[in-house]
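Notes follow once the structure below has been shown.
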There are 4 protein chains.
Amino acid sequence: MAPTTRQPAEHQDPPAADAPASPAARGKGRPRSAAADQAILDATREALAELGWGGLTMGDVAQRAGVAKTTLYRRWPSKSELVVDAIASLFDQLECADRGSLQADIEAVVARFAELLTLPETQAALLALFAEGSRDPQLRRRIRERIVQPQKVLVELGRANAQARGEMDPDRDPAAADEEIGIIFDTIAGTVEHRLLVSGEPVTPEWIRRFTTLLLGPFPGLLHRPAAGA
Amino acid sequence: MAPTTRQPAEHQDPPAADAPASPAARGKGRPRSAAADQAILDATREALAELGWGGLTMGDVAQRAGVAKTTLYRRWPSKSELVVDAIASLFDQLECADRGSLQADIEAVVARFAELLTLPETQAALLALFAEGSRDPQLRRRIRERIVQPQKVLVELGRANAQARGEMDPDRDPAAADEEIGIIFDTIAGTVEHRLLVSGEPVTPEWIRRFTTLLLGPFPGLLHRPAAGA
Amino acid sequence: MAPTTRQPAEHQDPPAADAPASPAARGKGRPRSAAADQAILDATREALAELGWGGLTMGDVAQRAGVAKTTLYRRWPSKSELVVDAIASLFDQLECADRGSLQADIEAVVARFAELLTLPETQAALLALFAEGSRDPQLRRRIRERIVQPQKVLVELGRANAQARGEMDPDRDPAAADEEIGIIFDTIAGTVEHRLLVSGEPVTPEWIRRFTTLLLGPFPGLLHRPAAGA
Amino acid sequence: MAPTTRQPAEHQDPPAADAPASPAARGKGRPRSAAADQAILDATREALAELGWGGLTMGDVAQRAGVAKTTLYRRWPSKSELVVDAIASLFDQLECADRGSLQADIEAVVARFAELLTLPETQAALLALFAEGSRDPQLRRRIRERIVQPQKVLVELGRANAQARGEMDPDRDPAAADEEIGIIFDTIAGTVEHRLLVSGEPVTPEWIRRFTTLLLGPFPGLLHRPAAGA
DNA sequence: TCGTAATCGAGACGGTACGTCCTGTCTTATC
DNA sequence: GATAAGACAGGACGTACCGTCTCGATTACGA
């Protein structure tokens with residue numbers, strides 16, 4: 001009588017829009033509407049920008065998306081998870097062309113971050129998501145995968161470019177390199193977030209230049225500066 | 001049906017525990033219980049640590065404090081304002097003794113921040129408050145006054161100490177100095193918050209040392225380094 | 001932590017509008033609105049007549065009554081209990097004057113029953129309530145107390161009148177008398193209900209006369225009893 | 001979006017298990033599973049007995065029957081219609097052998113009714129069906145045909161037997177006879193239902209005897225009829 | 001010493017969103 | 001064309017908090 005083997009794919013996230021899924025594993029019933037997925041995420045971003053995190057309602061999102069609440073809950077177990085995915089789509093278009101110098105690259109990254117954090121939907125959602133994540137490890141992992149990691153990749157990419165250009169010493173120790181990346185990334189992301197979302201002050205090109213300069217001080221080993229040590 | 005003449009000082013914040021208030025202005029009726037204020041703030045911190053921001057309920061706080069909801073709402077207009085005050089009391093004990101060098105002072109400040117952000121009540125509340133604040137300018141101002149500013153003071157203090165010790169150039173332009181402080185502060189606070197609350201990784205003494213070193217790179221004009229290469 | 005002694009009078013039925021309640025026992029908080037009670041019961045009857053049992057919604061009743069759903073659930077734990085009380089008020093005005101003969105009294109009772117069962121709210125509710133009651137002993141008891149018993153009293157009254165008039169033998173055995181009342185009552189109530197609500201045919205004065213005659217003895221023409229006394 | 005040409009015999013009741021259907025009329029596609037019909041009706045009765053009317057779910061019935069909801073809705077347009085058919089099968093086995101006297105025949109009929117109304121599935125369904133029927137004439141007709149009529153036939157049969165035995169006057173007026181049957185039937189059915197389902201008391205042989213006696217004439221002790229016994 | 005007035009605990013109040021459940025329809029692929 | 005599977009729109013459910021209100025009961029101060 002107790003549901004032992006039941007578990008008919010409730011709360012199963014929509015596929016990442018690329019995974020083809022093994023053709024045999026294709027479920028038997030009516031397939032989930034891909035249009036609904038998109039409509040829901042769009043509606044979520046729209047509502048977020050309009051009403052903020054606190055004003056965001058599952059029922060309202062469903063209504064905007066022209067979808068029943070059931071359909072929404074079938075895919076996302078909670079507001080937080082839904083918003084992670086809705087916001088994530090803004091972050092996975094991040095890219096960073098090689099601009100010729102580490103300073104220029106970092107400035108571009110910072111500018112890109114700032115641009116994203118200025119969107120009303122991001123403003124509304126980001127800190128709230130982080131706050132929720134501090135209680136829910138599952139959610140925190142998801143945030144890290146879908147939102148934080150894509151940002152971090154930029155920093156890693158910038159570093160790789162700098163090395164390729166010979167601006168930096170080649171890595172002596174990959175583990176230490178990882179940790180350096182971590183510090184740099186926390187610093188860039190954290191500072192921009194704090195500036196925009198907590199202090200509430202704008203990120204101007206001038207500010208970016210000064211912050212980047214601060215960052216590029218003689219971080220031991222980060223920069224290959226033959227003259228500095230000589 | 002509408003209240004006619006009543007309006008006896010609703011939502012009036014509790015005095016900052018020091019202002020004696022002009023004795024004439026003291027109302028006629030029964031004075032507010034000072035014990036209640038403290039019990040409420042304590043209960044708020046306790047509930048925050050236990051249940052997190054999302055689980056925090058005005059009714060629950062009232063019950064824990066042994067107080068009626070009315071009493072609570074008479075003093076704080078909303079959950080956010082209440083939590084600001086509850087958390088603020090953790091931040092206004094911040095202080096920073098002169099440790100003899102700028103590096104040591106900054107390390108101490110970072111360590112102090114990290115220590116505060118590790119408390120469960122702070123973890124639960126800080127980002128949520130910032131998130132709320134992004135929609136409510138009134139609240140944001142309050143957060144800035146009660147929580148952000150006391151932290152910033154530490155940085156300003158550290159800078160003053162460094163100048164007094166001759167580690168830094170005297171300020172040529174007070175406005176530029178303010179902006180420098182701003183950048184430094186956003187960087188310190190933002191990075192620590194991001195590290196602890198978003199990345200979810202610990203702030204160890206080693207990490208502090210490396211981060212501080214990164215920070216103390218040749219920020220133009222911050223450091224008085226007459227012989228950088230010497 | 002577990003709620004041991006809590007139990008703040010949730011789902012406590014509204015008083016029967018007459019019980020004065022011991023003055024000491026008067027609760028401490030804001031007293032329940034008596035107007036709400038009445039508005040809810042009125043709204044229930046109205047909605048019942050309009051939408052039928054199946055169309056009756058707690059939310060709709062609340063809205064019609066100008067009352068929050070909470071208020072409704074504070075007093076009645078379920079739709080069934082609410083409807084019992086709403087319908088009961090129709091049944092507790094039942095009375096039966098002495099019309100001079102048993103036949104006349106019974107005819108009056110039957111007519112009164114039929115009249116009540118013709119009201120749209122009763123039509124909608126009665127069978128549904130009985131159906132619900134067949135699963136829920138608690139509810140069944142309540143139905144019996146509030147709806148069935150007031151009807152039964154009529155029959156008992158009629159019998160007492162008949163005895164007072166000398167139309168009937170005085171009771172030899174009170175227990176047997178009780179059982180007779182039971183049979184008679186089940187017959188009167190059941191038959192009228194079945195006629196009106198199941199067969200869906202009207203209860204005319206002619207039908208009442210014939211049914212009463214059947215009840216009171218040799219139904220003319222039904223039985224061929226050449227020697228009834230033999 | 002609207003279905004254009006489709007309409008392949010939706011909601012067409014299953015044949016009455018005896019009509020072979022003209023072989024030409026058999027559709028082209030896969031024939032309906034006859035086993036499914038039976039499984040569904042069995043599952044319905046089972047679920048009714050277990051969960052009651054309110055707990056009965058189309059989805060649950062389908063699952064118990066090992067059948068898709070589609071299959072269920074293809075045959076019965078709604079829960080009520082399904083239950084009518086499921087319950088009807090219990091009533092169409094009614095029969096009444098001639099027991100030699102009107103009293104004995106009626107007692108047998110009453111006992112048979114009571115027996116049926118004691119089954120948990122009938123308890124759960126009967127009044128609920130009647131209640132539903134009071135709003136839906138279509139359903140009411142169906143209930144009358146499948147459930148009420150088979151019961152009524154018993155009474156008619158008993159009457160015919162009694163006439164054949166000479167216990168009753170031959171009918172002078174067929175219309176009046178019909179009406180008499182109607183009254184008697186409403187009385188028998190209604191009383192038994194009320195006794196069992198509303199009053200919730202058992203129908204014992206003793207009760208049956210007393211009720212039948214009441215029905216058939218001078219209820220002992222109820223009426224003081226000095227002339228009747230003289 | 002009283003009355004006035006604002007406080008207190010308690011809990012009912014109108015609302016709003018929640019997340020679940022069921023209905024009856026639909027869209028698949030399979031038989 | 002029937003079938004099993006299950007997604008779909010819609011709507012009611014009963015619960016939980018919100019922030020306000022209305023009680024009776026306390027305190028203080030000023031008349």
Side-chain angles (χ1 to χ4, degrees), chain A residues 8-10 26-33 36 55-60 62-63 66-75 77-79, chain B residues 1 3 6 8-11 26-33 36 55-60 62-63 66-74 77-79, chain C residues 8-10 26-33 36 55-60 62-63 65-75 77-79, chain D residues 1 3 6 8-11 26-33 36 55-60 62-63 66-75 77-79:
Chain A
E10 290 288 319
R26 220 189 135 289
K28 286 209 276 188
R30 173 175 173 176
R32 290 199 180 161
S33 158
L56 187 72
T57 294
M58 295 301 259
D60 181 58
Q63 201 166 344
V67 141
K69 263 200 299 174
T70 325
T71 301
L72 214 157
Y73 279 109
R74 219 188 309 275
R75 292 159 161 83
S78 77
K79 178 164 152 175
Chain B
M1 188 161 279
R6 284 274 296 295
E10 291 285 321
H11 292 323
R26 247 187 105 284
K28 284 206 285 188
R30 173 174 175 175
R32 288 195 182 167
S33 157
L56 186 74
T57 297
M58 294 302 259
D60 182 57
Q63 202 167 338
V67 140
K69 267 201 298 174
T70 324
T71 303
L72 213 158
Y73 278 109
R74 220 187 310 271
S78 77
K79 175 167 154 175
Chain C
E10 290 287 320
R26 219 190 136 290
K28 286 209 277 188
R30 171 175 174 176
R32 291 200 179 159
S33 158
L56 187 73
T57 295
M58 295 302 258
D60 181 58
Q63 201 164 346
V67 140
K69 263 200 300 175
T70 325
T71 301
L72 214 157
Y73 279 109
R74 220 189 307 273
R75 291 159 162 82
S78 76
K79 178 166 150 175
Chain D
M1 186 159 280
R6 283 275 296 295
E10 291 285 322
H11 292 324
R26 248 185 103 277
K28 285 206 282 188
R30 173 172 173 177
R32 286 194 181 168
S33 157
L56 186 74
T57 297
M58 295 301 259
D60 182 57
Q63 203 167 337
V67 140
K69 267 201 301 173
T70 325
T71 303
L72 212 157
Y73 277 108
R74 219 187 310 272
R75 290 161 162 84
S78 77
K79 176 165 153 175

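Just so it is clear: chains get the letters A, B, ... in the order the sequence lines come, proteins before strands, and each one is counted from 1.
Per the geometry, CD belonging to Gln63(A) stands 14 Å off P belonging to dT16(E), to the nearest Å. Rounded to whole Å, the distance from CG on Leu72(B) to C1' on dG19(F) is 11 Å. Tyr73(D) places its OH atom 17 Å from the P atom of dG6(F), with the value rounded to the nearest Å. Computed from coordinates, the Lys79(A) NZ to dC18(E) P distance equals 7 Å when rounded to whole Å. For Met58(D) and dA4(F), the CE to C1' distance is 16 Å, given to the nearest whole Å. The CG atom of Leu56(D) sits 11 Å away from the P atom of dC22(E) (whole-angstrom rounding).
For the pair Ala36(B) and Gly66(C), both in contact range of DNA chain E, the more 5′-proximal nearest nucleotide belongs to Ala36(B). With DNA chain E read from its 5' end, the first of the two nearest nucleotides for Ala68(C) and Pro77(A) is the one closest to Ala68(C). Of the two residues near DNA chain F, Asp60(C) and Arg75(A), the one whose nearest nucleotide lies more 5' is Arg75(A).
A donor and an acceptor atom never sit less than 3.5 Å apart when one is taken from the side chain of Lys69(A) and the other from the base of dG10(F). Contact annotation: side chain of Arg30(A) to base of dC8(F), donor-acceptor pair absent below 3.5 Å.
Considering every non-hydrogen atom in both Ala36(D) and Thr71(D), the closest pair reads CB-CG2, 4.4 Å. Heavy atoms only, all atoms of each residue included: Leu72(D) and Val67(D) are closest at N-CG1, 4.3 Å. For the residue pair Ala62(B) and Ala68(B), the shortest heavy atom distance occurs at CB-C, 4.1 Å.
With rounding to the nearest 0.5 Å, the separation of NZ in Lys69(A) from OG1 in Thr57(A) is 10.0 Å. Here Leu56(A) contributes atom CG and Met58(A) contributes atom CE; the two are 8.0 Å apart, rounded to the nearest 0.5 Å.
Backbone-only contact: Ser33(B) has heavy atoms under 4.0 Å from sugar-phosphate atoms and none from a base. Contact annotation for Thr70(D): base contact, defined as any heavy-atom pair under 4.0 Å involving a base atom.
The nucleotide whose nearest atom lies closest to any side-chain atom of Thr71(D) is, among dA4(F), dC18(E), dG19(F), dA4(F). Between dT7(E), dC8(F), dC18(F), one nucleotide has an atom nearer to the side chain of Arg74(B) than all others, and that is dT7(E).
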